[in-house]
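Only one structure is covered here, and it is reproduced in the block below.
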Amino acid sequence: MKHYTREDIIKLAREEDVEFIRLQFTDIFGNLKNLAVTVSQLEKALDNKCKFDGSSIEGFAGIEDSDMCLYPDYSTLEVFPWRPQQGKVARMICDVYRPCGEPFEGDPRYVLKRAVKAAKDMGYTFNVGPECEFFLFQTDENALPTTITYEQAGYFDMAPIDFGENARRDMIMTLEEMGFEIEASHHEGAPAQHEIDFKYDEALATADNIMTFKLAVKTIARRHGLHATFMPKPKQGVNGSGMHINMSLFRDGKNVFCDENDENGLSREAYWFIGGLMKHVKGMAAVTNPLVNSYKRLVPGFEAPLYVAWSRKNRSPLIRVPVSFGEDARIELRSPDPSANPYLTLALCLMAGLDGIQNMIEPLAGIEQNISDMSEEKRRELGIGALPGTLIEAVEEMEKDDFVQKVLGKYVSARYIAAKKAEWHRYRMQVTDWEINEYLYKF
């Protein structure tokens, strides 16, 4: 993390010939927003005096209570490497406040900050490493996105089979210029599907990094005449895109998930953390998998988790314990997809895990066989439940989980639930091509 003072930022803007500053924030649905100001307004921005109309942002405030202020986080200052060298563009990620100086309870970054503080009060630091997948598709003659790809590359393939390798390389170089430590990248299992993994960090920095990552990937893809999408399942018949979340807790500089005397290398806190995740994961699903389309990914046959279980060896359950030892011990939650709001997702993961630790919630025994191959009777016998199968089922699970709503706060919960019910209603009103092909000639 960079540590800039107010004077540092003013000096850097002058020396780097920065002309525009984008004050960025994220709405409750995970969409990046910004207010752009010229460098002449930089000091005003640094003094937290830039305001915007919150009623114009879906899920934020009503028109009767709409004035919002942007408080930039100095440590997030970045000069965009893809903008002109003269009259450069920089950004700072902001917290949203009310004019009275109180944090806006509908700001997802505030929700995560609140969770991080709860962990800190218990002596913990929450570290997170995401695995972000995305598709690169062709654009049409108007530069609008399509779902067309001409490649047939698969897992770990390389050029010339992988048509997106050059774009992916430029994305990595851009991200590294912005301070990311890229650990690995590769072509994923479906044609035109890619993954770039960056080093773990503390929760708030990771959530900020995910938003920056998406912006950079989309921007560089466009420069290559492509469209990058983080839509979970843009094409039928192939794997969807996930955003697996690798998590660990540290206390006094040591990984509390580690116990080398345990057969799985896990401590009691790690098992309880898993227990908390398993207890609340259904109630979290409307956030970790927030779209109607998210549940097209969570279907049999495409490597996505369907059932609430954990495993050390196989990849079919919801939670996997990767082969790692000592300080590298971690837990991987495999259900989230990249359309999720990272601030809300990480807040829920952290608080669900802490609930497990505080209440010593023991998870069911790990499942080492392929759950999808089991009979329904066998799954019931083992106590293995299923994730929600549709967005409306996920919303109903959220409504039943008071803990999840408490983590999000009343303000976010109420608006999020209402918006997702409206999204489901809009979807229900559609007549799809599948229905026409399936029913029109029969009935």
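We use all heavy atoms of the structure for the numbers below, so side chains are in, but hydrogens, waters and symmetry mates are not.
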Any side-chain donor near an acceptor of the partner, Glu78 and Thr212, under 3.5 Å: no

Carboxylate-amine/guanidinium proximity below 4.0 Å for Lys233 and Asp337: no

Can you give each donor-acceptor pair under 3.5 Å made by side-chain atoms of residues 273-285, sequence neighbours left out, with the distance rounded to 0.1 Å?
from, atom 1, to, atom 2, distance (Å)
His280, ND1, Asp401, OD1, 3.4
His280, ND1, Asp401, OD2, 2.9
His280, NE2, Asp355, OD2, 2.8

Electrostatic pair Lys410:Glu105 at N-O distance under 4.0 angstrom: no

Interatomic distance, Leu291 atom CG to Tyr427 atom OH [nearest 0.5 angstrom]: 12.0 Å

Set of ring-ring contact (aromatic ring centres under 6.0 Å, His included) partners for Phe135, sequence neighbours left out: Phe137

Phe213/Phe198 aromatic ring centres below 6.0 Å: yes

Cation-pi check, Arg415 onto Tyr411 ring (under 6.0 Å, within 45° of axis): yes

Distance-only polar pair, side chains of Tyr271 and Asp262, donor-acceptor under 3.5 Å: yes

Exercise: do Asn264 and Arg312 side chains pair donor with acceptor under 3.5 Å: no

Could you list the donor-acceptor pairs under 3.5 angstrom formed by side chains in residues 382-394, with sequence neighbours left out?
from, atom 1, to, atom 2, distance (Å)
Thr390, OG1, Glu393, N, 3.3
Glu393, OE1, Gly389, N, 2.8

Residue among His186, His194, His187 satisfying ring pair (Phe, Tyr, Trp, His ring centres under 6.0 Å) with Tyr155: His186

Any residue meeting side chain to side chain donor-acceptor pair (under 3.5 Å) with Arg114, in chain and number order, not counting sequence neighbours: none

Short side-chain donor-acceptor distance under 3.5 Å, Asn239 and Gln193: no

Any residue meeting side chain to side chain donor-acceptor pair (under 3.5 Å) with Arg268, in chain and number order, not counting sequence neighbours: Glu362

Qualifying residues under ring-ring contact (aromatic ring centres under 6.0 Å, His included), relative to Phe230, sequence neighbours excluded: Phe134

Distance under 6.0 Å and angle within 45° of ring axis: Lys420 vs Tyr416: yes

